Amino acid sequence: MIQPESKKTSLLGNLTFQIIIAMLLGAILGIIIHNNYDTSITKEFSDKIKILATIFIRLVQMIISPLVFTTLVVGIAKLGDIKTVGRVGGKALGWFFSASFISLLIGMFWVNILKPGEGLNLSNVDLTSAAEVTEKTQSFSALNFIEHIFPKSIFEAMANNEILQIVIFSIFFGLAAASIGSFAKPVINALDKTSHIILKMVNYVMKFAPLGVFGAIAGVFAIKDLNELVVTYIKYFSSFLVGITSLWIFLLMIGFLFLGRRMKTLLKHIMSPLIIAFGTTSSEAVFPKLTEELERFGVKDKIVSFMLPLGYSFNLDGSMMYMTFASLFIAQAYGIELDLGTQMVMLLVLMLTSKGIAGVPRASLVVVAATCGMFDIPIEGIALILPIDHFCDMFRSATNVLGNALATSVVGKWEGGIEE
């Protein structure tokens with residue numbers, strides 16, 4: 001679908017450089033504003049400068065739904081019969097659930113070893129900051145989650161960018177098209193051409209990425225007190241970094257095990273999506289660009305079209321690791337002892353309820369809050385991690401991108417190899 005070109009590779013390098021510079025400039029500007037103006041001004045500045053990030057993410061969101069639908073349907077149709085779809089889908093889900101389980105275990109392991117929540121002073125916690133998250137958990141239950149998976153209307157699902165619902169509809173549509181055979185070819189060809197047009201739009205949208213990252217970073221640093229963050233949350237954040245680093249090491253080792261020397265090439269291709277996800281705290285923001293880069297890397301377009309939309313619903317490794325870590329941290333902070341059996345039950349609950357959050361910023365906090373409620377852990381404890389959550393979200397969003405790129409590449413290799 002997409003051929004590698006030296007000119008485009010050069011542009012990619014420039015984009016990565018521009019994003020890094022934008023991150024640095026955003027942080028510097030935010031710190032200057034924070035240190036020289038009072039709270040009301042910094043808050044107003046933060047709200048206004050973040051409009052740059054909002055515009056960029058909205059531009060990406062505008063093409064997410066049609067891209068997921070067209071690429072997934074075309075991917076399923078190109079795979080051929082239902083037997084092939086089942087084989088590739090089985091490999092995909094096997095990888096996704098294995099990676100999710102290991103990610104959850106890594107979070108559980110490190111929070112139990114390092115115990116960042118023990119001895120935490122709760123007296124100065126601003127519980128009002130958790131109101132938005134706790135309100136969202138009121139309607140969150142296992143029953144509502146199951147109902148939410150299945151769309152009432154594909155148009156409603158697309159309008160709200162409900163990726164998991166779009167995936168469900170696209171799978172049924174693609175399977176039906178594949179079963180009809182040549183009769184459906186005109187529709188599949190039209191959707192294939194549509195996906196090419198949308199991917200072309202990606203090149204235009206990505207030109208706004210540095211501005212979006214600049215606005216996001218400047219807005220956060222303008223209202224965050226660095227000294228307070230470092231002193232109060234150094235144990236929590238450093239423990240989280242140990243966990244996320246362990247997950248990266250694991251993912252990279254698995255990558256080198258299955259891809260060999262091509263793993264280095266893959267990392268070069270996904271460097272720009274990784275940095276964008278890191279800066280905007282949204283792995284969703286790089287879905288179109290990641291699709292493009294994986295095809296340039298050599299994964300067949302039908303595998304990318306099938307795997308990546310599924311991955312964004314079922315394979316969010318960074319978010320999974322964070323969920324067990326954050327949930328058990330809150331329990332530690334309130335002095336609640338959870339035995340190993342209870343923790344394993346929590347892990348399984350998170351395994352199911354976390355699917356479909358699709359990399360939307362802070363969506364994982366809603367799942368954490370709901371899980372805490374199920375295990376009688378004070379939901380208000382979310383307020384403990386909100387001040388530092390944005391910085392944690394940067395790392396977990398980038399990790400989600402790495403995990404999905406790796407899963408797609410490995411399954412691509414299993415299904416006929418990766419083009420050099």
Side-chain angles (χ1 to χ4, degrees), residues 1-5 8-9 12 67-68 71-103 167 170-171 174-175 178 192 195 199 247-274 277 283 286-318 320 359 398-420:
M1 182 185 286
I2 297 174
Q3 299 298 323
E5 300 177 18
K8 288 184 178 178
T9 303
L12 173 62
L67 183 61
V68 170
T71 56
L72 186 52
V73 169
V74 171
I76 292 174
K78 286 184 177 180
L79 285 175
D81 55 24
I82 295 178
K83 185 177 179 181
T84 304
V85 174
R87 186 185 70 245
V88 179
K91 290 177 181 179
L93 292 178
W95 179 284
F96 294 159
F97 280 94
S98 297
S100 295
F101 186 73
I102 292 170
S103 300
V167 165
S170 301
I171 289 174
L175 289 174
D192 194 15
S195 69
L199 285 170
L247 181 54
W248 269 70
I249 291 172
F250 171 77
L251 291 173
L252 292 175
M253 287 175 61
I254 293 296
F256 278 107
L257 179 65
F258 286 103
L259 301 177
R261 59 184 178 83
R262 297 290 327 265
M263 185 62 193
K264 292 182 179 178
T265 307
L266 175 63
L267 289 174
K268 290 179 181 178
H269 275 276
I270 66 172
M271 188 57 64
S272 179
L274 283 172
S283 51
V286 299
F287 179 92
K289 188 66 176 174
L290 189 58
T291 300
E292 199 174 29
E293 291 305 324
L294 287 173
E295 291 179 7
R296 286 204 179 103
F297 171 63
V299 184
K300 294 178 181 177
D301 59 343
K302 62 182 181 181
I303 298 296
V304 176
S305 300
F306 182 75
M307 285 289 299
L308 211 53
L310 287 180
Y312 266 69
S313 292
F314 293 100
N315 191 48
L316 301 172
D317 298 332
M320 299 296 282
T399 307
N400 292 339
V401 172
L402 174 65
N404 278 317
L406 183 58
T408 303
S409 301
V410 172
V411 173
K413 183 178 181 181
W414 289 342
E415 288 295 317
I418 300 174
E419 299 172 5
E420 294 286 343

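As the structure is a computational prediction, the values presented were derived from the model and not from experiment. Keep in mind that the numbers below use all heavy atoms, side chains included, and drop hydrogens, waters and symmetry copies.
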When every non-hydrogen atom of Met263 is compared with those of Gly255, the smallest separation belongs to SD-CA, 3.7 Å
Interatomic distance, Lys289 atom NZ to Glu292 atom CD [nearest 0.5 angstrom] | 4.5 Å
Provide the closest heavy-atom pair for Val68 versus Pro309 in the form atom of the first, atom of the second, distance.
-> CG1-CB, 3.8 Å
From Leu252 CG over to Leu257 CG, what is the distance, rounded to the nearest 0.5 angstrom?
-> 12.5 Å
For Thr265, which residues count as a side chain to side chain contact (heavy atoms under 4.5 Å, CB included) partner, sequence neighbours excluded?
-> Arg262, His269, Phe297
Please name the pair of heavy atoms, one in Pro273 and one in Val286, separated by the smallest distance, quoted to 0.1 Å.
-> O-CG1, 3.3 Å
Just how far is it from atom CE of Met307 to atom CZ of Phe96, taken to the nearest 0.5 Å?
-> 3.5 Å
Over all heavy atoms of both residues, which pair between Val299 and Gly412 is shortest? Give the atoms and the distance, please.
-> CG1-CA, 4.2 Å
Does a side-chain heavy-atom distance below 4.5 Å link Lys300 with Phe306?
-> no
Give the minimum heavy-atom separation between Ile171 and Ile76, together with the two atoms involved.
-> CA-CD1, 3.5 Å
For residues 402-409, please give each side-chain donor-acceptor pair under 3.5 Å, one per line with the distance, not counting sequence neighbours.
| from | atom 1 | to | atom 2 | distance (Å) |
| --- | --- | --- | --- | --- |
| Asn404 | OD1 | Asn315 | ND2 | 3.2 |
| Asn404 | ND2 | Asn315 | O | 3.4 |
| Asn404 | ND2 | Asn400 | O | 3.3 |
| Thr408 | OG1 | Asn404 | O | 2.8 |
| Ser409 | OG | Ala405 | O | 2.8 |

Taking atom CG of Leu72 and atom OG of Ser195, what is their separation to the nearest 0.5 Å?
-> 11.5 Å
Between CG of Leu310 and OG of Ser305, what distance do you get to the nearest 0.5 Å?
-> 11.0 Å
Not counting sequence neighbours, which residues clear side-chain hydrogen bond (donor to acceptor under 3.5 Å, both in side chains) with Lys264? List them please.
-> none
May I have the step-by-step check of side-chain contact (heavy atoms from CB on, under 4.5 Å) for Leu294 and Leu266, ending in yes or no?
-> CA-CA 8 Å; Leu294 287 173; Leu266 175 63; 3.8 Å; yes
Might you work through the side-chain contact (heavy atoms from CB on, under 4.5 Å) test for Ile254 and Trp95, ending with a clear yes or no?
-> CA-CA 11 Å; Ile254 293 296; Trp95 179 284; 3.4 Å; yes
With sequence neighbours left out, what residues match Met253 under side chain to side chain contact (heavy atoms under 4.5 Å, CB included)?
-> Ile249
Are any non-hydrogen side-chain atoms of Val304 and Thr71 less than 4.5 angstrom apart?
-> no
Shortest non-hydrogen contact between Ala178 and Ala77, atoms and distance | CB-CA, 4.4 Å
For residues 88-100, pull every pair meeting salt bridge (charged side-chain N to carboxylate O under 4.0 Å, His left out), keeping only residues two or more places apart or in separate chains.
-> Lys91-Glu415
Set of residues satisfying ring-ring contact (aromatic ring centres under 6.0 Å, His included) with respect to Phe287, sequence neighbours excluded | Tyr312
Value rounded to 0.5 Å, distance of CG in Leu247 from CD1 in Ile102 | 9.5 Å
